[in-house]
Amino acid sequence: MCLRFRLFLFQNAHCQQCRIQRCNTEYVASTSPANGLQEEVALDVDYCIALRAYALCTRRQARSCRGDLVYHSAVFRIKELFSQHNCSSEGPTSSSKVPSTSRPGVSELCDYENRVLLSGPAGQQKKYAHCGLFGDPHLRTFRDEFQTCKVEGAWPLIDNRFLSVQVTNVPVVLGSSATATSKITVIFKTYQGCTEQKVYQATTEDLPLAFQDGTRSGGESSSLTIVERGGSSGVGRQVRIQARYIGTSIIIRRVGSYLTFAIRMPEDTLDLSEDSGGLQLCLHGCPRNELIKEHTLSRQSQQPRLQATNTELGPLRPPHQIYTVELATAKCRETLQVEDVYFQSCVFDLLTTGDPEFSMAAYGALEDLKALPPSKLRQNSPRTPRVFNGQTPAVPAVNSSLLPLLLLSLLLL
């Protein structure tokens with residue numbers, strides 16, 4: 001009898017499954033019918049009602065979820081939201097309004113484009129930003145600025161509440177400050193009701209077609225997916241990651257011995273204020289002491305690092321070949337038809353590294369820009385960074401007819 005009683009208690013406890021995800025999903029649905037981002041809901045009576053309903057739902061799960069980290073995180077967050085939005089914990093938990101028949105389901109809430117369409121005319125004005133990193137490396141920021149940087153080692157490109165991206169750059173050749181990307185790590189953070197945390201990592205030896213847990217998709221209605229595509233016009237192999245719930249697309253390419261990165265995100269998922277976000281290269285650009293300026297390149301190249309080693313690719317190699325300005329210009333013109341900043345980057349990299357693969361990296365980055373374009377108002381040639389403290393910007397856009405003369409004078413300094 002005692003044994004049967006214990007077995008009954010065990011089975012009863014086992015059947016009490018933690019259903020905190022249902023509470024989270026209902027809260028997201030009730031506070032994000034159009035705009036989608038939980039933090040951007042209107043501060044009105046209806047929101048406080050939804051928050052009290054969320055709190056009630058979590059209290060009902062207290063027994064079955066007492067050891068669940070997601071549950072405890074939700075309880076803590078609810079307390080913060082009550083204080084932040086000045087809501088009382090006492091009051092109704094359901095609205096007297098007639099429920100809307102047009103309220104989207106969870107799968108619609110996990111699709112940014114659908115949320116934008118449901119938000120009406122204001123949603124049609126949503127803007128997208130593009131960031132890319134390729135070559136020596138060259139950086140195109142979300143602010144549409146173009147830089148060339150040293151940034152050897154591990155550096156954060158993006159770090160916000162939705163995702164984090166970190167790149168590792170390694171030296172390329174002896175006697176040069178040139179580096180290139182050998183590793184890219186992308187962390188998609190948990191977005192309640194849409195996806196759990198997923199991590200993707202690419203290296204020069206491995207461009208996987210799956211997240212680190214072995215899956216190729218995640219979240220509600222596959223709101224986060226990975227697909228593989230062959231490189232366009234022979235520009236390496238590429239993996240494309242689509243995060244539909246935040247309207248974000250990422251392309252990672254392996255071109256020769258190195259990686260390139262490109263991302264397109266809605267501007268309303270970024271904090272573009274000048275003092276936001278700490279060190280994020282895609283948002284604020286490279287630190288001033290990491291910028292490569294034309295007048296310092298040749299002086300740096302006269303300081304060889306003969307004992308240096310690239311721990312990921314073995315001993316550093318000497319330049320593949322010596323390019324003159326004329327040869328570099330001709331080589332880049334074979335792949336890049338327009339003499340824009342990508343063309344200038346191609347010539348710059350060939351003169352610095354002597355590696356012809358860098359010309360294809362510039363071409364791949366331009367193709368990624370076409371595939372993941374920023375908003376129409378931002379599709380012009382990128383701006384050069386503003387001058388800080390009298391310092392010159394990195395790799396400024398110049399008249400293409402002056403490019404050979406500029407580069408020749410650079411090498412003669």
Side-chain angles (χ1 to χ4, degrees), residues 128-142 144 146-149 151 157-158 165 167-170 172-173 178-186 200-209 226-242 248-265 281-282 313 320 323 328-374 379 381-382 395:
Y128 290 85
H130 175 99
C131 177
L133 187 78
F134 67 96
D136 191 5
H138 305 285
L139 173 70
R140 181 170 184 149
T141 72
F142 284 135
D144 226 16
F146 204 87
Q147 299 177 343
T148 298
C149 315
V151 289
L157 290 184
I158 303 168
V165 181
V167 296
T168 300
N169 301 317
V170 294
V172 178
V173 295
T179 64
T181 303
S182 64
K183 181 191 294 184
I184 299 174
T185 302
V186 184
Y200 179 84
Q201 187 171 90
T203 66
T204 52
E205 293 81 19
D206 185 26
L207 189 63
L209 191 56
I226 296 179
V227 295
E228 180 183 27
R229 297 183 178 180
S232 57
S233 304
V235 189
R237 179 169 163 255
Q238 63 172 283
V239 166
R240 181 162 181 161
I241 306 175
Q242 193 79 25
T248 296
S249 298
I250 294 174
I251 296 177
I252 298 175
R253 293 179 185 261
R254 182 170 61 194
V255 182
S257 301
Y258 302 102
L259 302 172
T260 68
F261 174 85
I263 186 171
R264 180 180 187 255
M265 291 189 73
L281 301 191
C282 276
L313 297 178
H320 290 68
Y323 275 90
T329 302
K331 176 66 177 178
C332 293
R333 195 169 284 136
E334 292 176 5
T335 52
L336 296 161
Q337 304 302 316
V338 179
E339 295 189 10
D340 56 6
V341 289
Y342 292 92
F343 178 87
Q344 296 170 25
S345 299
C346 173
V347 175
F348 181 94
D349 289 350
L350 289 182
L351 291 172
T352 304
T353 69
D355 188 346
E357 290 175 351
F358 278 86
S359 65
M360 299 308 296
Y363 177 75
L366 182 57
E367 291 298 299
D368 291 343
L369 178 66
K370 295 176 182 176
L372 308 177
Q379 285 183 342
S381 297
V395 193

Grab the two heavy atoms, one from [X] and one from [Y], that are nearest each other, plus how far apart they are.
X: His130; Y: Leu372; result: ND1-O, 2.8 Å
X: Ala371; Y: Ile251; result: CB-CD1, 4.1 Å
X: Ile252; Y: Val186; result: CD1-CG2, 4.4 Å
X: Ala328; Y: Leu350; result: O-CD1, 3.8 Å
X: Val255; Y: Met360; result: CG1-CB, 3.8 Å
X: Val151; Y: Pro137; result: CG2-CG, 3.8 Å

Exercise for the section: Test side chain to side chain contact (heavy atoms under 4.5 Å, CB included) on Phe343 and Thr329 and set out the steps. Expected result: CA-CA 8 Å; Phe343 178 87; Thr329 302; 3.7 Å; yes

Problem - Phe146 six-ring centre to Arg140 NZ/CZ under 6.0 Å and within 45° of normal - result: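 The answer is no, since Arg140 fails at least one limit relative to Phe146.
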
Exercise for the section: For the pair Leu281 and Leu133, evaluate side chain to side chain contact (heavy atoms under 4.5 Å, CB included) and give the outcome as yes or no after the intermediate values. Expected result: CA-CA 10 Å; Leu281 301 191; Leu133 187 78; 5.6 Å; no

Problem - Residue list, side-chain hydrogen bond (donor to acceptor under 3.5 Å, both in side chains) with Ser359, at least two apart or on another chain - result: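 Checked Ser359 against side-chain hydrogen bond (donor to acceptor under 3.5 Å, both in side chains); zero matches.
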
Hey, does [Y] have a side-chain heavy atom less than 4.5 Å from the side chain of [X]?
X: Thr353; Y: Tyr323; result: no
X: Asp340; Y: Leu366; result: yes
X: Leu369; Y: Pro374; result: yes
X: Tyr128; Y: Met265; result: no
X: Thr141; Y: Cys282; result: no
X: Asp349; Y: Val347; result: no

Exercise for the section: May I have the step-by-step check of side chain to side chain contact (heavy atoms under 4.5 Å, CB included) for Ser182 and Val170, ending in yes or no? Expected result: CA-CA 7 Å; Ser182 64; Val170 294; 3.5 Å; yes

Any donor-acceptor pair under 3.5 Å linking the side chain of [X] with the backbone of [Y]?
X: Arg264; Y: Ala129; result: no
X: Glu339; Y: Gln344; result: no
X: Tyr200; Y: Pro208; result: yes

Practice task
Answer yes if the ring centres of Phe134 and Tyr342 are under 6.0 angstrom apart, and no otherwise.
Solution key: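 So the answer is yes for these two rings.
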
Pairwise distance [atom1]([X]) to [atom2]([Y]) - rounded to 0.5 angstrom:
X: Glu357; Y: Tyr258; atom1: CD; atom2: OH; value: 8.0 Å
X: Leu139; Y: Cys149; atom1: CG; atom2: SG; value: 5.5 Å
X: Leu209; Y: Glu228; atom1: CG; atom2: CD; value: 5.0 Å
X: Glu205; Y: Lys183; atom1: CD; atom2: NZ; value: 9.5 Å
X: Asp136; Y: Thr148; atom1: CG; atom2: OG1; value: 6.5 Å
X: Leu259; Y: Thr204; atom1: CG; atom2: OG1; value: 6.5 Å

Handout entry: Audit row: His138, Phe348, ring pair (Phe, Tyr, Trp, His ring centres under 6.0 Å) steps and yes/no
Key = CA-CA 10 Å; His138 305 285; Phe348 181 94; 5.8 Å; yes

Practice task
Apply side chain to side chain contact (heavy atoms under 4.5 Å, CB included) to Thr168 and Thr181, showing your working.
Solution key: CA-CA 6 Å; Thr168 300; Thr181 303; over 6 Å; no

Exercise for the section: List in chain and number order the residues that pass side-chain contact (heavy atoms from CB on, under 4.5 Å) with Gln242, two or more places apart in sequence or in another chain; answer none if no residue qualifies. Expected result: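 Partners of Gln242 by the side-chain contact (heavy atoms from CB on, under 4.5 Å) criterion, ordered by chain and then number, come out as Thr225, Arg240, Arg244, Ser249.
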
